[in-house]
Protein chains: 2
Amino acid sequence: MKFFHLADLHLGRTLHKYSLIEDQKYFLDFVIKQTDQHNPDAIVIAGDIYDRAIPSAEATQLFDYFLTELSKRECSTMIISGNHDSATRLSYAGNFFREFNIHLATEPKEQVETIVLNLDQAYYFYLLPFFKPVNIKNLYPETEIDTYQQALEQIISGIDLSLPGKHILIAHQFFINQSGEAIMSDSEQLSVGGLDRIQAELVKDFDYVALGHLHQPHHVQYENVRYSGSPLVYSASELARPKFLSMIEMNSEPGFKLHKIPFEPLHPVYLIEGKFAALINQARENPSEAYIYINLSDYEPIPDLAIRFKRFYPRLLEVRTPYFKRSADSFNALSAAPNELSIGQLFALFHKEETGRIISDSDQIIIQELEEKVN
Amino acid sequence: MKFFHLADLHLGRTLHKYSLIEDQKYFLDFVIKQTDQHNPDAIVIAGDIYDRAIPSAEATQLFDYFLTELSKRECSTMIISGNHDSATRLSYAGNFFREFNIHLATEPKEQVETIVLNLDQAYYFYLLPFFKPVNIKNLYPETEIDTYQQALEQIISGIDLSLPGKHILIAHQFFINQSGEAIMSDSEQLSVGGLDRIQAELVKDFDYVALGHLHQPHHVQYENVRYSGSPLVYSASELARPKFLSMIEMNSEPGFKLHKIPFEPLHPVYLIEGKFAALINQARENPSEAYIYINLSDYEPIPDLAIRFKRFYPRLLEVRTPYFKRSADSFNALSAAPNELSIGQLFALFHKEETGRIISDSDQIIIQELEEKVN
């Protein structure tokens with residue numbers, strides 16, 4: 001049995017004001033092609049189909065297109081809602097989709113929605129949409145449920161893992177290892193305070209846990225508790241880990257096999273670092289359609305940075321320079337008692353504030369000489 | 001062949017801040033019951049499914065429920081988008097619906113989407129979603145199309161009405177008779193300037209034209225060019241004409257038969273007129289769950305009107321009293337040259353402004369006496 005594990009599509013998302021819809025369609029077309037090539041028995045999407053509760057019309061159109069294509073193929077599709085999705089909106093037309101083996105779970109239920117694929121053995125897929133403790137509390141008013149951990153414990157207690165076959169949980173929550181660690185990026189919307197965290201140990205007895213929520217592909221403590229990651233890079237912090245399409249293969253033997261199907265995005269995301277003079281030359285020589293972050297190491301102010309790079313990098317995302325790294329300390333020093341400082345001292349603070357560096361001795365001397373001339 | 005002609009559901013609409021979703025569900029359940037009773041071959045919905053381009057989640061949920069129920073029945077469902085609908089959003093899952101004989105037309109096409117029911121003869125249904133001239137112009141860039149009338153002429157020229165059988169056009173536009181008249185209400189969103197108007201004569205050769213857009217049930221010049229009207233009352237101006245469910249019956253004979261299936265809404269809309277004392281007594285004796293407009297004929301200011309009626313009419317919509325009917329004329333007179341008027345004249349204007357009536361001679365004398373005392 002093989003299935004694709006996807007999550008965090010975030011259809012309709014923008015990256016620094018650039019619409020990613022074309023890039024997202026490119027990825028979904030890639031999934032369709034891979035479906036034709038690998039004939040997976042199932043396609044699992046572990047939440048955050050859309051980027052917001054009221055998705056854009058073009059985002060719904062794209063997802064409709066994807067589902068229509070999948071409905072023409074043999075595989076079952078299993079989808080749960082994530083914290084970014086509106087459960088009600090995502091559930092629209094669910095009864096019609098089901099007739100084409102497309103299963104949408106958007107509301108937590110006492111009995112977790114279960115799809116069984118009877119192949120060489122039974123494969124149980126448990127579709128657990130994103131929940132907050134209160135959603136589960138409403139299902140079990142008599143039980144003490146205050147935390148995400150307690151909520152999931154309650155849900156899992158209703159699942160019989162002793163049934164012969166394989167058991168796959170699909171969820172969209174924030175799992176951590178025994179040390180409380182997780183691999184996050186800047187593009188997730190997480191709860192403040194960490195109340196949303198659940199110990200991975202709680203779900204380790206499933207044969208595979210197909211997770212969504214965190215955008216970097218990784219497993220949490222146990223190899224079978226895995227985030228597929230988002231298909232596209234949604235923030236600079238995700239550049240470290242390459243994206244791929246996860247295909248999980250399992251049979252009656254214990255364990256599973258993870259196939260990392262490499263995916264080349266329509267427009268990759270790059271981070272370029274260096275001096276302006278070198279980078280602008282490089283840009284001129286090799287213009288690029290990629291999404292590009294630039295970290296400049298020049299301390300001098302350079303005018304019209306974005307405009308100059310954008311001629312060669314039409315999908316320029318951001319140019320960062322140390323020139324703009326203002327230190328909160330220098331502001332505090334300035335606001336403390338500016339009239340008690342000499343012009344030389346004030347200028348030194350101003351210099352640090354504007355450039356992030358301490359003024360050089362030679363520059364300091366020039367300022368002192370000027371100050372003497374003025375006085 | 002029988003079909004239901006519906007239009008202007010405006011799911012998600014509110015009436016003076018009251019959600020109508022429960023009332024709308026009640027109507028759709030009524031349609032489902034009538035479907036079971038009359039077994040229509042088709043259900044036609046001539047646009048404005050939703051009240052706005054981004055419908056509320058509960059509105060989409062209600063429509064999903066309705067379509068799911070219809071999909072279990074034998075009839076074909078044909079739906080066009082109206083000016084209130086977002087074509088793209090309404091089109092979501094359309095490929096899935098089609099497999100259940102639910103046809104959604106949301107974008108005008110060169111070849112009007114046509115559904116043929118082959119029964120005792122062929123019945124051609126032409127699904128023409130709401131269009132603006134520019135939409136049709138885009139399809140025929142070579143043709144001069146500036147007006148709605150020209151646009152529809154162009155579309156109709158592609159329809160062959162000589163094919164044996166019956167021809168039914170489904171449209172959501174503003175049709176007028178040869179004198180330019182139409183029966184409107186306060187709840188429609190119409191173009192200013194009347195550019196959106198189309199002569200009914202243009203479509204008179206269809207066997208039936210199932211229209212949406214205007215909310216009062218009526219035909220325009222020709223008996224076969226008909227607005228079904230909205231199922232519920234969406235403004236006080238619609239109270240004059242009772243609502244009903246239109247069932248159209250036709251066979252190989254010329255013409256058609258209109259069955260008006262009476263519909264009792266969950267909460268009717270009433271307009272009550274009279275003096276406060278009588279009406280509040282009546283309300284106390286017969287509290288009502290209906291939606292109620294009240295027109296008071298008292299000229300005296302009465303405090304807390306809405307609160308007092310709402311105890312007995314929890315769905316009170318509005319209380320109008322002549323006390324609040326300020327005349328624009330009196331304001332103009334006042335602002336003209338107040339310092340040139342005597343106190344008596346000013347008070348007479350103030351009296352008219354506040355009560356809508358000219359001050360009585362006896363009251364005028366009292367004011368004059370007071371004025372003399374002051375001077």
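Chain letters run A, B, ... following the sequence lines, proteins first and then strands; every chain starts at 1.
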Q: For B/S19, check side-chain hydrogen bond (donor to acceptor under 3.5 Å, both in side chains) against everything at least two apart and list the hits.
A: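 Here no residue qualifies.
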
Q: Is B/I80 close to B/T106 at the side-chain level, that is, under 4.5 Å between some pair of heavy atoms?
A: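 Answer no - side chains too far apart.
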
Q: Verify the neighbour count for atom NZ of B/K2: are there more than 12 heavy atoms of other residues, nucleotides or ligands below 6.0 Å?
A: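 Yes - once you tally the heavy atoms of other residues, nucleotides and ligands closer than 6.0 Å, there are more than 12.
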
Q: Using non-hydrogen atoms and a 4.5 Å limit, figure out which bit of A/F100 sits close to chain B: side chain, backbone, both or neither.
A: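 For A/F100, side-chain heavy atoms alone lie under 4.5 Å from chain B.
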
Q: Locate the shortest heavy-atom distance separating A/F131 from A/Q173; write the atom from each residue and the value.
A: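 Of all heavy-atom pairs spanning A/F131 and A/Q173, the closest is N-OE1, 2.8 Å.
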
Q: Only pairs of heavy atoms separated by less than 4.5 Å count here; which of A/Y65, A/F97, A/F96 has the most with chain B?
A: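 Maximum pair count with chain B is reached by A/F96.
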
Q: Select all residues of residues 39-56 of chain B having any heavy atom within less than 4.5 Å of some heavy atom of chain A, and report them by number, or 'none'.
A: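 Answer by number: B/Y50, B/I54, B/P55, B/S56.
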
Q: Within a strict 4.5 Å, meaning less than it, do heavy atoms of the A/L127 and A/H103 side chains meet?
A: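 Yes; the side chains approach each other to less than 4.5 Å.
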
Q: Salt-bridged, B/D85 to B/R89, with N to O below 4.0 Å?
A: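 Looking at B/R89 together with B/D85, the answer is no, because their closest N to O distance does not fall below 4.0 Å.
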
Q: Surrounding CD of A/E74 (heavy atoms of other residues, nucleotides or ligands, distance under 6.0 Å), is the total greater than 12?
A: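 Atom CD in A/E74 is not crowded, with 12 or fewer foreign heavy atoms closer than 6.0 Å.
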
